[in-house]
Number of protein chains: 2
Amino acid sequence: MRLKSFMKKMDKADKEQKIFQAALSLFAHFGYRKTTVEDVAVKVGMTKSNIYFYVKNKQDLYEKSVSHALEKWRDTIAAEIETVDSAKEKFAIAAGRSFEYLEDHGELRALLIKDPDIFTLSPSEDRFYEVNRGAMMMLKAVIQQGIDEGVFYPVDVDHVTEFLFSVYIMFLIKTYVKSDGSSSERMYEEGLALIFRGLCKT
Amino acid sequence: MRLKSFMKKMDKADKEQKIFQAALSLFAHFGYRKTTVEDVAVKVGMTKSNIYFYVKNKQDLYEKSVSHALEKWRDTIAAEIETVDSAKEKFAIAAGRSFEYLEDHGELRALLIKDPDIFTLSPSEDRFYEVNRGAMMMLKAVIQQGIDEGVFYPVDVDHVTEFLFSVYIMFLIKTYVKSDGSSSERMYEEGLALIFRGLCKT
DNA sequence: ATTTGAATTTTTGAATCAATTATTCAAATA
DNA sequence: TATTTGAATAATTGATTCAAAAATTCAAAT
């Protein structure tokens with residue numbers, strides 16, 4: 001039946017969600033090695049072997065779980081950016097809300113600390129390249145819009161985007177992964193202001 | 001004898017230099033684990049046990065060797081900064097020559113690749129904090145001078161310095177430690193231009 | 001199409017041991 | 001006195017083994 005198979009697909013997507021959420025929670029608490037596929041299965045109420053119906057192997061389970069969380073993050077910011085019109089406002093929202101989101105999601109934060117290489121300065125060893133590339137394209141669109149509107153300097157969009165995204169990753173690392181006493185917030189504000197000034201025509 | 005003990009001190013400093021250079025070269029080629037204290041001793045023409053007259057242990061040998069190289073780097077830039085007067089010029093020299101120096105010193109570069117954590121975004125886990133702090137203070141002085149001269153915006157010097165130094169470290173990591181195909185140079189130019197624009201009054 | 005239990009393969013961690021390497025130090029030297 | 005050495009000791013590493021735990025497969029069941 002068409003309808004039935006459609007229903008089943010929904011179920012499957014739902015179940016995948018459940019698995020990814022449960023897995024993320026465990027990975028965040030205990031780390032990759034200390035969480036077993038069986039732990040995840042138990043938490044989600046199925047058998048170990050059934051997990052393999054949804055993912056290729058444990059590594060795949062991990063990557064899909066993290067990707068899923070990162071996509072949710074990115075899409076949340078994307079939606080918020082859509083609520084305003086001007087490039088300046090969009091830039092401010094992207095910069096501000098990205099951090100607030102992480103502030104509000106302790107589990108994701110815990111995961112970043114367990115596995116600091118989730119954010120890397122090296123695209124070629126970025127295990128979540130696709131998600132991050134998406135985020136970067138979002139930023140690029142904002143910058144391009146600002147240039148088109150004539151409020152941003154006509155910079156080299158690709159390289160400036162890459163630069164700003166790297167600075168963003170740097171801030172994430174400094175704030176959540178290698179957080180010291182953290183005058184890091186103040187540094188973020190000052191650095192952002194400096195960049196904003198360098199980006200906007202007066 | 002006063003004179004004699006003075007002479008001996010010179011000799012000692014010389015020999016330390018020799019040891020540090022030899023050690024750095026070996027560490028850069030073979031990495032920390034694969035180079036033995038004896039390798040260093042042989043290369044410098046003394047006995048293994050005599051190395052311990054100059055350093056506390058192998059770890060100390062490594063740290064002193066790297067610190068020594070980093071200090072030389074920093075002092076070279078410091079000297080070059082002194083050759084010009086204006087804050088803008090000093091900033092440009094600091095930004096440009098730091099990278100060129102590394103470009104010219106393959107052994108130091110090789111070392112960075114063997115031990116990527118020499119440069120960290122986290123001051124609290126920076127094994128070479130003192131040297132790096134010195135470099136940061138240099139940068140801070142330039143920014144302060146620019147503000148005093150009235151050519152830079154009156155920014156929060158401490159936090160902006162910290163920000164710029166972090167960006168500098170980020171570039172080093174991206175360019176030499178995690179270098180991809182490296183459109184990294186172009187990104188550096190664009191990012192630097194953006195920052196410079198955000199820093200300088202028009 | 002999804003789930004399961006049981007079987008199989010792979011990985012991990014602890015334990016052992018020999019060889020290598022780091023470190024100490026009393027005696028020698030300059 | 002400052003520096004160097006050889007010889008002795010202590011600590012670390014790497015290879016190997018092996019049993020337990022965990023990952024993965026799959027034929028059969030729902």
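As the structure is a computational prediction, the values presented were derived from the model and not from experiment. Each chain gets a letter, A, B and so on, in the order its sequence line appears, and its residues count up from 1.
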Original post:
Of the candidate nucleotides D:dT24, D:dG6, D:dC26, which contains the atom at the shortest distance from the side chain of A:Lys58?
Top reply: D:dT24
**OP:** Look at the side chain of B:Ser49 and decide which nucleotide, out of D:dT5, C:dT23, C:dA6, has an atom nearest to it.
**Re:** D:dT5
Original post:
Given C:dT24, C:dT2, D:dT4, which nucleotide is nearest the side-chain atoms of A:Phe53?
Top reply: C:dT2
Original post:
Considering only C:dA6, D:dG6, C:dG13, which nucleotide approaches the side chain of A:Arg33 most closely?
Top reply: C:dG13
Original post:
Whole Å only: how far is the CG atom of A:Asp14 from the P atom of C:dA1?
Top reply: 19 Å
Subject >> Stepwise side chain to side chain contact (heavy atoms under 4.5 Å, CB included) check, B:Tyr62 with B:Arg127 >> reply: CA-CA 11 Å; B:Tyr62 182 75; B:Arg127 284 168 293 162; 3.8 Å; yes
Original post:
Can you tell me how far P of D:dT25 sits from NZ of A:Lys48, to the nearest Å?
Top reply: 12 Å
Subject >> Audit row: A:Asn132, A:Phe165, side chain to side chain contact (heavy atoms under 4.5 Å, CB included) steps and yes/no >> reply: CA-CA 9 Å; A:Asn132 282 327; A:Phe165 197 71; 4.2 Å; yes
Original post:
What integer distance in Å separates A:Glu16:CD from C:dA1:P?
Top reply: 15 Å
Original post:
Counting side-chain heavy atoms from CB outward, which of C:dT24, D:dC26, D:dA23 is closest to B:Tyr52?
Top reply: C:dT24
Original post:
D:dT4, C:dT3, D:dG6: which one has an atom nearest the side-chain heavy atoms of A:Thr47?
Top reply: C:dT3
Subject >> Watson-Crick or G-U counterpart of D:dA10, or none if no pair lies under 3.5 Å >> reply: C:dT21
Subject >> B:Asp39 CG - C:dT20 P separation (whole Å) >> reply: 14 Å
Original post:
Will you find, in the side chains of B:Gln17 and B:His68, an N or O donor that is under 3.5 Å from an N or O acceptor?
Top reply: yes
Original post:
Is D:dT30 paired to anything, Watson-Crick or G-U wobble with both distances less than 3.5 Å, and if yes, which nucleotide?
Top reply: C:dA1
Original post:
Is the shortest side-chain N to carboxylate O distance from B:Arg97 to B:Glu100 below 4.0 Å?
Top reply: yes
Original post:
B:Lys56 or A:Ile51: which one's nearest nucleotide on DNA chain C is closer to the 5' end?
Top reply: A:Ile51
Original post:
Can B:Asp39 and B:Thr36 be counted as having a side-chain donor-acceptor contact under 3.5 angstrom?
Top reply: yes
**OP:** Would you indicate what B:Asn57 reaches in the nucleic acid, counting non-hydrogen atoms under 4.0 angstrom: base, sugar-phosphate, or nothing?
**Re:** sugar-phosphate
Original post:
Between atom CG in A:Asn50 and atom P in C:dA1, what is the gap in whole Å?
Top reply: 14 Å
Original post:
Mapping B:Thr36 and A:Met46 to their closest nucleotides on DNA chain C, which lands nearer the 5' end?
Top reply: A:Met46
**OP:** Please report, rounded to the nearest Å, how far the P atom of D:dA22 is from the CZ atom of A:Phe30.
**Re:** 13 Å
Original post:
For the pair made of OH in A:Tyr62 and P in D:dA23, what is the distance, rounded to whole Å?
Top reply: 15 Å
Original post:
Of all the nucleotides listed (C:dA6, C:dT2, D:dT4), which has the minimum atom distance to the side chain of A:Tyr54?
Top reply: C:dT2
Original post:
Within this structure, what is the CD-to-P distance between B:Gln59 and D:dA11, rounded to whole angstrom?
Top reply: 17 Å
